[in-house]
Amino acid sequence: PSLSGRRPITWFPLSWVLYSVYLSEKIGYWRYILIHRHLQANPENRFAPLFDFFEPWCQDENRHGDIFNLLIRCGPTLRQGWRGRILSRFFLWSVFLTHSLTVCERGDFYHLLGIDPHQFDAEVIHHTNNTARRAFPWVYNLEDGSFLALRDQLISVVRQLRETAAQRFSLAREGRRLLLRLRMGGLLWRQFWQPMQPAARGGTGKLAVQDHGTAAARQTAAAVEASA
C-alpha cells in the first residue's frame, strides 16, 4: 500500500498481529469479567459508576477475541509445527509477564476493590491459558504451580531493583543491582521455557495452588468459562 513517507512505519508479520491481538482481547475479557463478578458479590467495593460498564466491555473483548480466533484458524500454517509452538510460547509468556508486572506492581487499585492482586493475576493467567486452547496449538502446563512460583520471584527481584535504584550511588549498590539483573535474566529464561502441552489435551482452568484465586472468581469461574 502507498502510505505517507513522513512517519516511519513498522510492518509486523501477520502471525504476530493475530496471536497478540487474540491474547490481548481474551486476557482483557477475563480481567473485566472477574472484576465484574467480584463486585456483584461485594457491591460495597463498587466505588465508581465506571464499574457498571465492565460487563458489556468484557463481552466486547470476548467477541473481538473470537474473531481473531477464526482468523488464526483460517491460516493452518500459523498453528503447525515449530512455528505454532514458538508463537504460542512467546506470546503467552510475554502477555502473562506484562500482566503480572502491571497488576502486582500496581496493587493499590485492586486492594480498593477488595481483591488480592497476586491471586487475581493468577486467576486471570489460568483462565486465559485455558481459553487459548481454542486458538493456539500449545499452551503452558500450569498445573504444578512452577510458572506462578517463578512469577513471584520475578516480582520480588523487580521490587528490589526499584528499591536499590533510589539508594545513593556506591560500588556496593551497583554490584547488588548487577546481581539482581543477572538473577532476573535467569528467572525470565526459566519461566519462558516452562513445560507446555498440546492444546487438544484439554484443561480444567483450575488453579494448581489453592491460594491462587479470589473466592469470588472461584465461585463464578464455572459460570463464565463456557462463554470465553
Side-chain angles (χ1 to χ4, degrees), residues 1-36 53-106 120-142 147-148 150-151 154 185 188-189 191-203 205 224-228:
S2 178
L3 298 175
S4 172
R6 295 182 180 180
R7 296 182 180 179
I9 298 173
T10 301
W11 297 100
F12 291 101
L14 178 61
S15 58
W16 293 16
V17 175
L18 296 180
Y19 270 72
S20 61
V21 175
Y22 171 81
L23 270 184
S24 174
E25 298 296 332
K26 287 301 183 179
I27 202 169
Y29 166 78
W30 281 112
R31 284 172 50 81
Y32 285 130
I33 195 64
L34 292 178
I35 292 175
H36 171 71
F53 299 96
F54 268 37
E55 199 277 334
W57 284 349
C58 81
Q59 297 304 336
D60 283 343
E61 299 274 273
N62 196 29
R63 286 188 287 267
H64 298 161
D66 289 341
I67 292 172
F68 278 84
N69 181 9
L70 292 175
L71 291 174
I72 292 172
R73 290 180 173 277
C74 286
T77 58
L78 297 176
R79 306 175 73 249
Q80 294 175 352
W82 67 269
R83 186 185 188 190
R85 182 176 296 198
I86 198 65
L87 286 170
S88 299
R89 181 181 292 276
F90 175 76
F91 284 104
L92 284 167
W93 172 75
S94 58
V95 168
F96 291 163
L97 177 64
T98 303
H99 187 264
S100 295
L101 293 176
T102 301
V103 170
C104 297
E105 283 297 297
R106 302 174 184 174
F120 174 75
D121 177 54
E123 193 77 18
V124 170
I125 287 175
H126 272 271
H127 285 302
T128 305
N129 191 70
N130 198 44
T131 299
R133 295 174 184 277
R134 303 182 181 181
F136 293 2
W138 292 81
V139 296
Y140 275 106
N141 182 356
L142 303 177
F147 190 94
L148 292 177
L150 289 167
R151 173 209 65 170
L154 279 165
L188 290 171
W189 179 263
Q191 190 185 51
F192 179 80
W193 291 110
Q194 284 296 292
M196 301 193 83
Q197 59 186 9
R201 188 173 296 178
V224 296
E225 181 74 38
S227 64

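None of the values given here were measured: they were computed from a predicted structure. Excluded from the calculations below are hydrogen atoms, water molecules and symmetry mates; all remaining heavy atoms, backbone and side chain alike, are included.
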- D66 and R63: salt bridge (Lys or Arg N to Asp or Glu O under 4.0 Å), yes or no, with the steps? CA-CA 5 Å; D66 289 341; R63 286 188 287 267; over 6 Å; no

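Remark: R73 pairs with N69 by the side chain to side chain donor-acceptor pair (under 3.5 Å) rule, at least two apart or across chains.
Listed for the T128 side chain is no donor-acceptor partner under 3.5 Å among the backbone atoms of I125. In this structure, the side chain of H64 engages the main chain of D60 through a donor-acceptor pair within 3.5 Å. Side-chain atoms of N62 do not come within 3.5 Å of backbone N or O of Y29 as any donor-acceptor pair.
The ring-ring contact (aromatic ring centres under 6.0 Å, His included) test with F136 singles out one residue from Y22, F68, F91, and that residue is Y22.
Relative ring orientation between F54 and Y32 is described as perpendicular, the plane-to-plane angle rising above 60° on a 0-90° scale split at 30° and 60°. F90 and W93 have tilted rings, their planes meeting at an angle from 30° to 60° on a 0 to 90° scale. A perpendicular orientation is assigned to the rings of F147 and F96, their planes being inclined by more than 60° (bins at 30° and 60°).
Between P198 and W138 the shortest side-chain heavy-atom distance falls below 4.5 Å. Contact of the I33 side chain with the H127 side chain is not registered, since no non-hydrogen atoms from C-beta on lie closer than 4.5 Å. Contact of the N141 side chain with the Q194 side chain is not registered, since no non-hydrogen atoms from C-beta on lie closer than 4.5 Å. For the pair R31 and E61, the minimum side-chain heavy-atom distance is 4.5 Å or more. Here the side chains of R151 and D121 are in contact, with some heavy-atom distance below 4.5 Å.
Shown here is F192, whose CZ atom has more than 12 heavy atoms of other residues, nucleotides or ligands within 6.0 Å.
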